[in-house]
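Along the sequence shown, residues are numbered consecutively beginning with 1. Below, all heavy atoms of this structure are taken into account, side chains as well, without hydrogens, waters or symmetry copies. Since the structure is predicted, the reported quantities are computational estimates derived from the model, not experimental observations.
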Amino acid sequence: MHHNPQDFRQNPGPVHARDWIKVLSKYREPDGQRSAFELAVTLGPFIVLWALAWYALSISLWLTLAISLCNAGFLLRLFAIQHDCGHSAFFGNRTVGDWLGRVIGILTLTPYDVWRRSHAIHHSASGNLGRRGMGDIHTLTVAEYRALTPLKRLMYRVYRHPITLFGLGPGYLFFLQNRLPLGFTNKAKYWISAMCTNAGILAALSLIYYFGGALPILLIFLPTTLLAATAGVWLFYVQHQFETTHWANEADWDLHDAALHGSSHYVLPSVLQWVSANIGIHHVHHLYSRIPFYRLPEVLRDHAVLAQSNRMTIRESLSNARLHLWDENAKKLLSFSQARKAQ
């Protein structure tokens, strides 16, 4: 990854991460017409492809599956719109944005109010070693890992293995974990959010089964959802899991430094950037989360230093997937083998 905090002192722009807030504030206002357009070109094709996949059941089950997998891209984009609603970044009217987020949450199997709260905690604590555990990928320091018993070391290695994170994890997260307001079970608001979302999902699946039986669920709903979930988990992973990311103890942690230097700029082909709603421009998003996703490229065009900072290619992201432990001395993520050699 081309990540170097020195870039912020060698190029025009604010010296300190906190000073970017004023600069970026001018991009925060959503355009209602643009937001409506982005919703239409995402939800419309999603519905059309669902209908085509259903029609294709009478022609070829493989064709149905192929259409369903293509539709995962639009479901992923719907989740990105839900994400912007959670930051009050999609519509100027927060009530409208919240209700849109709740409706989309039925399609993405994500209770909106529960997710919005956990994601807000993620933003407020990202990179803080003293506040891990909510809305993030569990990451241990080298010292913490060495202090574990052999069994707990094995459990951590199993958790961090790609088969667990990207094979089993997405299905567990969206089909099981999201059914309960875990972490917020003491508040009725979040139970209502989870149970109403569950009721909406059950009603939709019941209608699908009533009119089409099990095949639309098995060959359309499940493949579309699983592939979108897997892509979403991968994107979330690469946004903060890279060699020179930013972690610090509570006393040394700064919200803005962690946002800017601990979030990646995932450089994707234009089609994938569109499907993921520019979420790869994550360092800017974390620094100012109220910026609508469709204005993030505008930020990069106006500020070259941000366009060049924290860049990560697809190849680099695949390589970073082997890094699992934070070295507090070297200030970088290490693989298990690198940590063993550093002993």
Side-chain angles (χ1 to χ4, degrees), residues 20-52 67 70-113 115-117 119-120 123 193 196-197 200 204 224 228 231-232 235-236 239 259 263 265-304 306-307:
W20 278 102
I21 300 302
K22 183 176 181 180
V23 175
L24 297 177
S25 63
K26 70 176 183 178
Y27 300 93
R28 64 174 283 174
E29 294 302 324
D31 180 325
Q33 290 185 337
R34 175 65 184 274
S35 294
F37 171 78
E38 296 292 348
L39 177 61
V41 298
T42 306
L43 182 59
F46 176 77
I47 295 172
V48 169
L49 286 175
W50 238 99
L52 285 175
I67 296 172
C70 290
N71 208 14
F74 290 98
L75 183 58
L76 176 65
R77 204 168 196 266
L78 282 170
F79 186 89
I81 290 175
Q82 179 184 355
H83 167 266
D84 263 24
C85 290
H87 286 292
S88 300
F90 198 67
F91 285 120
N93 187 313
R94 180 168 179 171
T95 300
V96 172
D98 284 344
W99 278 103
L100 174 61
R102 293 180 182 114
V103 172
I104 294 177
I106 295 173
L107 302 177
T108 63
L109 312 188
T110 305
Y112 174 76
D113 293 283
W115 175 87
R116 182 178 63 178
R117 178 59 183 148
H119 193 64
H123 268 259
S193 174
C196 286
T197 302
T224 299
L235 286 170
F236 184 79
Q239 287 160 4
S263 307
H265 173 198
Y266 199 23
V267 182
L268 296 170
S270 57
V271 172
L272 295 182
Q273 185 168 325
W274 186 89
V275 165
S276 60
N278 303 317
I279 199 60
I281 309 175
H282 209 64
H283 59 321
V284 178
H285 166 69
H286 250 259
L287 192 56
Y288 208 103
S289 61
R290 291 289 300 275
I291 299 175
F293 72 80
Y294 49 78
R295 299 200 67 181
L296 291 173
E298 184 182 345
V299 174
L300 298 189
R301 287 195 297 269
D302 292 348
H303 304 284
L306 293 177

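Y112 places a side-chain N or O within 3.5 Å of a backbone atom of C85 that can act as its donor or acceptor partner. In terms of modelled atom types and a separation under 3.5 Å, the side chain of D84 and the main chain of P292 share no donor-acceptor contact. A donor-acceptor contact shorter than 3.5 Å links the side chain of Q239 to the backbone of L235. For S25 (side chain) and K22 (main-chain N/O), a donor-acceptor pair under 3.5 Å exists by modelled atom type. Checked by atom type and distance alone, the side chain of R77 pairs as donor or acceptor with a backbone atom of W274 at under 3.5 Å. Between the side chain of N278 and the main chain of I281, no donor-acceptor pair closer than 3.5 Å is present.
Of the residues W115, F90, F293, F236, the one that meets the ring pair (Phe, Tyr, Trp, His ring centres under 6.0 Å) test with H83 is W115. A side-chain hydrogen bond (donor to acceptor under 3.5 Å, both in side chains) with H87 holds for exactly one of H119, R290, R28; it is H119.
Atom CG of L272 and atom CD1 of I279 lie 14.5 Å apart (nearest 0.5 Å). Remark: L296 CG to Y294 OH distance equals 10.5 Å, nearest 0.5 Å.
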Audit row: T197, T110, side chain to side chain contact (heavy atoms under 4.5 Å, CB included) steps and yes/no: CA-CA 7 Å; T197 302; T110 305; over 6 Å; no
Pair L49-T224, side chain to side chain contact (heavy atoms under 4.5 Å, CB included): steps then yes or no: CA-CA 10 Å; L49 286 175; T224 299; over 6 Å; no
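Between H285 and H123, the angle of the ring planes goes over 60°, which puts this pair in the perpendicular group of the 30/60° scheme.
H303 is not listed as a side-chain neighbour of V284, based on a closest heavy-atom distance of 4.5 Å or more.
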